[in-house]
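Down below is the structure, laid out as structure tokens.
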Amino acid sequence: MDKKQPDGERTFWKKIYFFFPVRLFAGHLKTNHLILLSWLIPFLIILNSMGIRFGIPSLFLTPEYMGKIDGTAFLFMGLVTGSFIMAFHISSYVVMAHRYPFIVTVSKPFYIYSLNNSLIPLVYLLLYFYQSFYFQTVLEFVPVGQALINLAFFLLGVLVFVYFSFGFFYFMMRVWPRISGFEASKLRGKRWLRWMFRISERDKQKKMEETPRENRGPSKVEWYISGLFSTALSRDFSHYDKSYLAKVFHQQHRNAFYYVVLILTFIIIRGMIKDQPQLILPAGASLLLLFTLVLLMTSLLYIVFGRWTFMVFLALLFLGDFVSPFTINSYNNNAYGLDYSNKKAVVNPEGHGNYTADSLSTIKILDRWAEKNALPSGRKPKMVVVCSSGGGMKLAMWTYYSLAYADSATNGQLLRHIQLFTGASGGMLGAAFLRQLYLEKQQGKIKKLFSEKYVSEITTDILNPVFYSFSMSDWFFRLQRFRYNGHWYYKDRAYMFEQTLNRNLGPIFDKPLIAYRKPEENATIPMLILTPTIISTGSRMIISPVNVSYLTKVPYSKQLQNIEFRHNYRKFGADSLRFLSAIRMNASFPYVSPIVALPGKPRLALFDAGLNDNYGFLTAYAFLMEFRKWILQHTSGVVLIRVDENDYITFQQRTTFNDRILKPLGVLFTDWLSIQENNYLPVIGSLKKILKGKFYYVSFRFGSVNKRVSLSWHLTKREKMILKQAIYSPENQKQLVRLKQLLR
């Protein structure tokens with residue numbers, strides 16, 4: 001076809017093909033996979049196709065700031081979304097702009113390029129508006145008018161950051177050279193900057209070689225977006241010298257470098273502000289900011305390494321695995337209160353306390369419990385053991401809510417009869433919270449356990465500060481430290497997790513582990529045993545303020561035995577362990593509450609208790625077996641209360657080709673809890689025979705196939721409503737009636 005053929009005779013699709021936004025999108029699909037993939041995760045999240053089980057879409061679509069979903073939260077989300085969009089434009093410009101030389105014929109090259117490169121961001125924003133409106137009105141019960149106002153603030157945030165960035169580039173291109181009189185050539189003589197100039201010259205030379213001479217071939221563009229509501233035909237650039245074209249693009253690259261340095265400096269300084277709740281970004285904004293950093297770093301790598309960027313990126317990830325033992329891992333996530341100063345101190349994992357002495361001391365606790373629950377008729381009381389499942393905030397709320405409700409319905413008899421709490425993660429947080437309230441009630445500090453005030457406290461967001469720290473500082477370096485119990489520790493997301501929990505619940509857990517010893521020994525409160533998993537062996541670290549070495553016994557094995565924390569870490573100040581840290585160690589959810597490294601050699605690392613015993617069945621079984629003779633003699637039986645989510649077991653599952661590839665890996669996570677239950681329930685069931693029929697099973701569960709609650713440390717209003725309504729389900733009411741009869 002003749003190149004001078006009038007536009008009116010060309011086909012519609014050919015016009016579209018040579019439209020600059022289409023050419024740019026095709027260029028990304030063809031060569032810029034690393035940059036294009038940066039959009040994959042945000043798109044999957046807002047489309048509710050990724051992280052659903054963990055509630056991640058709600059973090060993006062209904063951001064929360066200072067406990068509220070309002071215009072301020074959406075403004076922050078908009079600002080960070082604007083930064084992500086600008087990072088995409090900068091990375092794209094650095095990689096692709098020189099392939100379309102006509103861009104230098106316009107007055108604002110980077111601005112025009114970004115307008116035409118906005119197809120993907122525009123689609124993202126439209127989808128975000130639609131999905132966010134749905135999430136706000138349906139899941140968070142936000143009124144329609146307020147939802148629209150929130151989205152207006154989101155758009156305002158996007159526009160403010162985008163046009164601030166354009167202003168920066170305009171300033172650097174047009175204003176700064178005139179007012180500063182600065183010339184980069186003056187720095188060439190500086191020896192410490194010579195490497196930068198070598199990289200700069202190499203980048204400039206590469207642009208000269210790759211820049212096409214004519215507007216044809218893969219880089220051909222016939223028309224482009226010239227303004228928000230206008231288009232224009234591309235101009236001829238063949239009369240421009242290649243060195244001039246390269247100079248223009250190179251200058252923009254240099255400005256992009258300054259921009260990235262400016263943003264990184266801001267993030268580093270911003271990341272040091274950890275203890276001001278009003279300055280903490282919403283969790284979704286923090287995650288998107290991390291994606292922004294990755295994009296900006298990608299653009300820097302491209303300036304240095306060009307087409308080798310992707311391979312260099314993979315090499316850095318690979319090398320990081322070897323470098324991390326000397327750098328990243330030097331910032332161990334510590335358990336606060338313990339002494340890490342003696343790096344040569346040895347821990348004997350096979351050592352344990354005196355089984356007999358510890359068992360006898362626990363029998364004294366049981367005797368006091370029996371005395372407290374003695375019945376006037378002379379009948380023996382029933383002992384209650386609670387097994388509360390792991391599951392983040394949903395189980396923390398459900399454990400507190402269901403048991404506090406049941407205690408109220410039984411006129412305060414339930415908490416009196418509970419002797420032991422076991423479980424994992426969020427379930428044990430809820431149990432610890434309820435137990436602390438029970439202690440304060442006995443001390444006359446509060447009047448009742450069941451209150452909306454406490455529901456609000458246990459369900460206040462934890463993710464905002466945690467993800468803020470993770471995105472702003474944890475992943476590259478940490479600068480700040482704090483002092484606790486005479487020792488120094490780094491401020492990281494583990495610190496933020498504890499401080500946020502402390503702020504949400506009040507300083508009720510800001511005490512050493514040993515503070516609970518007397519109340520447990522006197523049977524004032526139930527025993528509570530935390531059992532985080534030891535990563536190297538898969539066994540359990542038994543954490544209790546009283547001596548419980550008898551729980552470390554594992555028949556026929558001396559290699560994979562459980563370890564009693566207070567006995568094995570006494571020389572490191574085990575009794576001074578901050579109780580908040582003990583709860584965190586028991587709930588070390590990936591990327592949120594990090595793995596904890598204990599002091600001494602060998603350096604043991606602890607993970608979530610759910611990895612070994614998500615339901616607390618193993619600990620409960622070992623405890624009941626140890627004291628079965630005492631139980632048969634002094635009680636009328638044991639009531640085991642299981643606090644958990646409903647099961648969703650189905651044998652009718654559609655299997656795709658991808659499932660055949662990924663399922664063998666996914667089963668390790670998705671089906672792990674079902675595997676635990678199938679293995680442990682028969683063992684628990686055997687207690688009925690061992691206790692001669694004096695074993696009773698009660699369960700409080702929530703949820704259904706259509707009423708799922710995400711596994712997260714953040715709950716939507718709809719999820720909180722599901723949990724509150726669950727106690728009134730026919731099955732839970734039936735279980736409550738049974739519990740009343742058993743305790744009567």
Side-chain angles (χ1 to χ4, degrees), residues 275 277 333-338 386 388 390 392-393 395-397 399-401 403-404 415 418 421-443 445-446 449 451 453-463 465-466 482-485 487 489 491-520 524-532 541 543-546 565-566 573-589 592-594 596 606 608-609 713:
D275 296 315
N333 296 111
N334 299 150
Y336 307 143
L338 299 185
V386 175
S388 185
M393 187 173 284
L395 260 300
M397 175 182 171
T399 300
Y400 161 76
Y401 196 85
L403 295 181
L415 265 295
I418 295 177
F421 283 110
T422 71
S425 189
M428 290 305 282
L429 170 59
F433 183 57
L434 179 63
R435 186 180 75 151
Q436 176 63 34
L437 293 176
Y438 180 57
L439 176 61
E440 293 184 359
K441 182 181 178 183
Q442 294 182 85
Q443 295 171 343
K445 297 179 180 179
I446 61 174
L449 300 179
S451 169
K453 173 179 179 292
Y454 303 132
V455 174
S456 177
E457 290 177 354
I458 197 68
T459 57
T460 301
D461 175 82
I462 297 177
L463 289 186
V466 170
F482 74 103
R483 191 174 180 85
Y484 181 84
N485 192 38
H487 305 293
Y489 307 95
K491 287 186 177 181
D492 50 23
R493 65 186 184 280
Y495 166 81
M496 296 298 285
F497 182 92
E498 292 191 20
Q499 292 302 96
T500 305
L501 201 57
N502 204 33
R503 193 162 47 243
N504 293 349
L505 306 180
I508 58 174
F509 292 147
D510 196 2
K511 60 180 74 174
L513 176 67
I514 200 64
Y516 284 108
R517 183 169 188 174
K518 285 297 181 184
E520 286 195 16
T524 306
I525 57 175
M527 295 175 64
L528 185 145
I529 299 175
L530 301 171
T531 56
M541 180 69 67
I543 302 177
S544 171
V546 299
F565 174 75
R566 287 187 64 246
D575 286 341
S576 299
L577 172 69
R578 194 186 195 190
F579 191 68
L580 280 167
S581 291
I583 291 175
R584 170 169 59 87
M585 290 157 65
N586 203 60
S588 301
F589 194 80
V592 178
S593 177
V596 176
L606 303 183
D608 194 294
W713 290 107

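Residues take their numbers from the sequence shown, with the count starting at 1.
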Study note, to complete from the structure: Separation between CG (L606) and CE (M585), nearest 0.5 Å, reads 4.5 Å
Check your understanding: Does a side-chain heavy-atom distance below 4.5 Å link S576 with L513?
Key -> no
Revision key, fill the gap. To the nearest 0.5 Å, atom NZ of K453 lies from atom CG of L437 at 8.0 Å
Review point. Would you call P594 and R493 a side-chain contact if the rule is heavy atoms closer than 4.5 Å?
Key: yes
Check your understanding: Which pair of non-hydrogen atoms, one from F579 and one from A432, has the smallest distance, and what is that distance?
Key -> CE2-CB, 4.1 Å
Practice item. Any chance you could measure L530, atom CG, to S425, atom OG, to the nearest 0.5 Å? Key: 11.0 Å
Review point. Does D492 reach the main-chain N or O of Y495 with its side chain, forming a donor-acceptor pair under 3.5 Å?
Key: yes
Revision key, fill the gap. Closest non-hydrogen atoms of W713 and G392, given as atom of the first, atom of the second and distance, are CZ3-C, 3.8 Å
Exercise for review: Take T422 and T531 through the side chain to side chain contact (heavy atoms under 4.5 Å, CB included) test and state the conclusion after the steps.
Suggested key: CA-CA 8 Å; T422 71; T531 56; over 6 Å; no
Practice item. Please report the C-alpha distance between L434 and L449 in whole Å, then the side-chain angles of each, then the deciding distance to 0.1 Å, and finally whether the side chain to side chain contact (heavy atoms under 4.5 Å, CB included) criterion is met. Key: CA-CA 7 Å; L434 179 63; L449 300 179; 4.3 Å; yes
**Study point:** Note, L403 side chain near V386 side chain (heavy atom, < 4.5 Å)
**Key:** yes
Review point. Can you tell if the side chain of I583 reaches within under 4.5 Å of the side chain of M428, non-hydrogen atoms only?
Key: no
Check your understanding: Just by distance, with hydrogens left out, do D608 and N586 show a side-chain donor and acceptor under 3.5 Å apart?
Key -> no
Review point. What are the two closest non-hydrogen atoms of G337 and H487, and how far apart are they?
Key: O-CD2, 4.0 Å
Check your understanding: Is there a side chain to side chain contact (heavy atoms under 4.5 Å, CB included) between L429 and I458 once you walk through the steps?
Key -> CA-CA 9 Å; L429 170 59; I458 197 68; 4.2 Å; yes
Practice item. Say whether Y484 and E498, considering side chains only, have a donor N or O and an acceptor N or O under 3.5 Å apart. Key: no
Point to revise | Minimal non-hydrogen separation, P465 against T500, with atom names | key: CG-OG1, 3.1 Å
**Study point:** Plane angle bin for Y454 and Y400 - parallel if under 30°, tilted between 30 and 60°, otherwise perpendicular
**Key:** perpendicular
Practice item. Heavy atoms only: give me the nearest I508-E440 pair and the separation to one decimal. Key: CG2-OE2, 3.4 Å
Point to revise | Any donor-acceptor pair under 3.5 Å from T399 side chain to L395 backbone | key: yes
**Study point:** Approximate separation, where rounding is to 0.5 Å, of R566 CZ and L577 CG
**Key:** 11.0 Å
Review point. Charged N to carboxylate O below 4.0 Å: is that the case for R435 and E520?
Key: yes
Review point. Is there side-chain contact between V466 and Q499, with at least one heavy-atom pair below 4.5 Å?
Key: no
Exercise for review: Examine distances only and state if a side-chain atom of S544 and a backbone atom of V546 form a donor-acceptor pair shorter than 3.5 Å.
Suggested key: yes
Check your understanding: Can you list the steps and then say if L580 with F497 is a side chain to side chain contact (heavy atoms under 4.5 Å, CB included)?
Key -> CA-CA 9 Å; L580 280 167; F497 182 92; over 6 Å; no
Practice item. Taking N504 for its side chain and T460 for its backbone only, find out whether a donor-acceptor pair lies under 3.5 Å. Key: yes
Study note, to complete from the structure: Value for CD (Q436) from CD1 (I525), rounded to nearest 0.5 Å, stands at 7.5 Å
Check your understanding: Around atom NZ of K511, are there more than 12 heavy atoms of other residues, nucleotides or ligands at under 6.0 Å?
Key -> yes
Practice item. Taking all heavy atoms of N333 and all of A494, pick out the closest pair and write down the distance. Key: ND2-CB, 4.3 Å
Review point. Any donor and acceptor pair, going by atom type alone, linking the side chain of S581 with main-chain N or O of Y336 inside 3.5 Å?
Key: yes
Check your understanding: Hey, what's the ring geometry for F482 with Y489, parallel, tilted or perpendicular (30° and 60° as the breaks)?
Key -> tilted
Exercise for review: With rounding to the nearest 0.5 Å, note down the distance linking CZ in R578 to CG in N485.
Suggested key: 10.5 Å
